[in-house]
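Written below as structure tokens is the structure these notes are about.
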Amino acid sequence: MAIADAKSKGAVVGLVPTMGALHAGHVSLIDRARRECDFVVVSDFVNPTQFNNAEDLRTYPRTEEADCDKMSKAGVDVAFIPSVEEIYPEPDTRVFDLGAVAEVMEGAMRPGHFNGVAQIVSKLFALVEPDKAYFGEKDFQQIAVIRRMVELEGFKIDIVDCPILREADGLAMSSRNVRLDAAHRAIAPTIHKVLLSSVDYAKDHTVGETERYVTEAINATEGLETEYYQIVDALTMQAVDASAKPGDGMVGCVTVYCGGVRLIDNIKY
């Protein structure tokens, strides 16, 4: 196997786990892995166990041919594109004790989602045995969950978090963006604009006031509906005192329905 051969020669192996529908954000993760590793593996797999909404799984974009082209141009050494049957020859019944980082925000809104993430990422880590694994900060809470899973399972893997890549108008790059119709694509950048404005607002207001400000400002745009906006400790993902001032070590995480498309974003204070 190419990965085993590379490791036998002392190569540093980097893994970029993706669910396909690759965009420039994914490519930025691959580019960083290329700079920091000798051998780069990219997985391309829409993982069914992390979807708690059957319709979301059905409509998740799948662009395998285009993905392979992007990976080839980015200099990926191995593209791992398994079938569901290969990854789950039998149901994965493992339940991970992910603790408090997985119980709030996305964990509360999408029951079972993070356990599914832990299932697939742990399988990929066991198969590839990378030295480093690369994840985008758009899924900020997910990174905390993966670090917890790594701790639980005893993997000796460096988890590398990479900055959000944005479109020119500020919208966080996401595979789901292709599902936005023209009208909703036009208003989606409002999410990031409001998050940016909240940094200045927060200088003179409390966490609770800032959370209300962001929620109301986003909802003021017809076609956008905030599911939650929460300012949390950047390491533990736990809520901070509503009467405190937003500041270092805090991140604001938001989920917004833009039409029927669920978008997530975040900002550091």
Side-chain angles (χ1 to χ4, degrees), residues 1-3 6 11-51 53-89 92 113 116-139 142-143 146 157 159-168 171-181 185 188 261-265:
M1 187 177 180
I3 301 170
V12 174
V13 175
L15 171 66
V16 182
T18 82
M19 290 211 299
L22 301 188
H23 51 66
H26 295 111
V27 175
S28 72
L29 302 183
I30 296 169
D31 288 345
R32 181 160 175 185
R34 275 255 61 94
R35 292 194 302 271
E36 298 181 357
C37 303
D38 305 305
F39 192 92
V40 175
V41 180
V42 177
S43 62
D44 187 326
F45 178 68
V46 180
N47 175 43
T49 71
Q50 71 189 68
F51 286 82
N53 181 316
E55 181 64 11
D56 191 25
L57 174 60
R58 187 187 69 79
T59 59
Y60 198 87
R62 292 165 171 82
T63 58
E64 186 177 309
E65 189 173 331
D67 293 347
C68 288
D69 184 55
K70 288 184 175 73
M71 285 189 267
S72 177
K73 288 176 179 175
V76 170
D77 294 292
V78 169
F80 180 46
I81 311 176
S83 66
V84 173
E85 290 73 27
E86 286 177 272
I87 294 294
Y88 300 112
D92 190 339
H113 167 66
V117 169
Q119 287 175 341
I120 183 57
V121 175
S122 64
K123 279 180 174 283
L124 292 172
F125 284 0
L127 286 167
V128 177
E129 297 184 332
D131 299 289
K132 298 173 180 280
Y134 295 80
F135 297 89
E137 287 187 341
K138 181 176 71 68
D139 298 291
Q142 176 177 277
I143 295 173
I146 288 167
I157 298 170
I159 303 302
V160 183
D161 50 313
C162 303
I164 298 172
L165 209 64
R166 298 184 181 278
E167 304 288 356
L171 178 63
M173 290 188 179
S174 169
S175 299
R176 285 186 171 86
N177 291 351
V178 300
R179 292 174 50 198
L180 296 168
D181 61 28
R185 176 62 186 82
V261 182
R262 191 174 185 271
L263 303 176
I264 64 173
D265 205 343

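Counting begins at 1 with the first residue of the sequence.
A salt bridge links D69 with K73: the closest approach of a Lys/Arg side-chain nitrogen to an acidic carboxylate oxygen falls below 4.0 angstrom.
Using a 4.5 Å heavy-atom threshold, the side chains of I120 and L124 count as touching. Side chains of P130 and V41 form no contact here, defined as non-hydrogen atoms less than 4.5 Å apart. R262 is not listed as a side-chain neighbour of D56, based on a closest heavy-atom distance of 4.5 Å or more. By the 4.5 Å heavy-atom criterion applied to side chains, D265 and I164 are counted as neighbours. Inter-residue side-chain proximity for K138 and I143 is flagged as unmet; no heavy-atom pair is nearer than 4.5 Å.
Applying the ring-ring contact (aromatic ring centres under 6.0 Å, His included) test to Y60 and every residue at least two apart in sequence or in another chain returns F51. With sequence neighbours left out, F39 forms a ring-ring contact (aromatic ring centres under 6.0 Å, His included) with no residue at all. Listed by chain and number, the residues in a salt bridge (Lys or Arg N to Asp or Glu O under 4.0 Å) with D92 are R94 (sequence neighbours excluded). Under the ring-ring contact (aromatic ring centres under 6.0 Å, His included) criterion, H113 pairs with no residue at all, not counting sequence neighbours.
Applying the 6.0 Å contact sphere to CD of E65 captures no more than 12 heavy atoms from other residues, nucleotides or ligands.
Applying the side chain to side chain donor-acceptor pair (under 3.5 Å) definition to pairs two or more places apart or across chains, those involving residues 123-136 are E36-Y134, K132-D158.
Once rounded to the nearest 0.5 Å, the distance linking CG of D161 with CG of D139 reads 12.0 Å. The distance from the CZ atom of R32 to the CZ atom of R35 is 7.0 Å, given to the nearest 0.5 Å.
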Expected list for residues 22-29: side-chain donor-acceptor pairs under 3.5 angstrom, two or more places apart:
{"residue": "H23", "atom": "ND1", "partner": "G25", "partner atom": "N", "Å": "2.9"}
{"residue": "H26", "atom": "ND1", "partner": "H23", "partner atom": "N", "Å": "3.0"}
{"residue": "S28", "atom": "OG", "partner": "G25", "partner atom": "O", "Å": "2.6"}

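Taking the six-membered ring for Trp and thresholds of 30 and 60 degrees, F125 and F135 have ring planes more than 60 degrees apart, a perpendicular arrangement.
Considering every non-hydrogen atom in both E86 and I81, the closest pair reads OE1-O, 4.5 Å.
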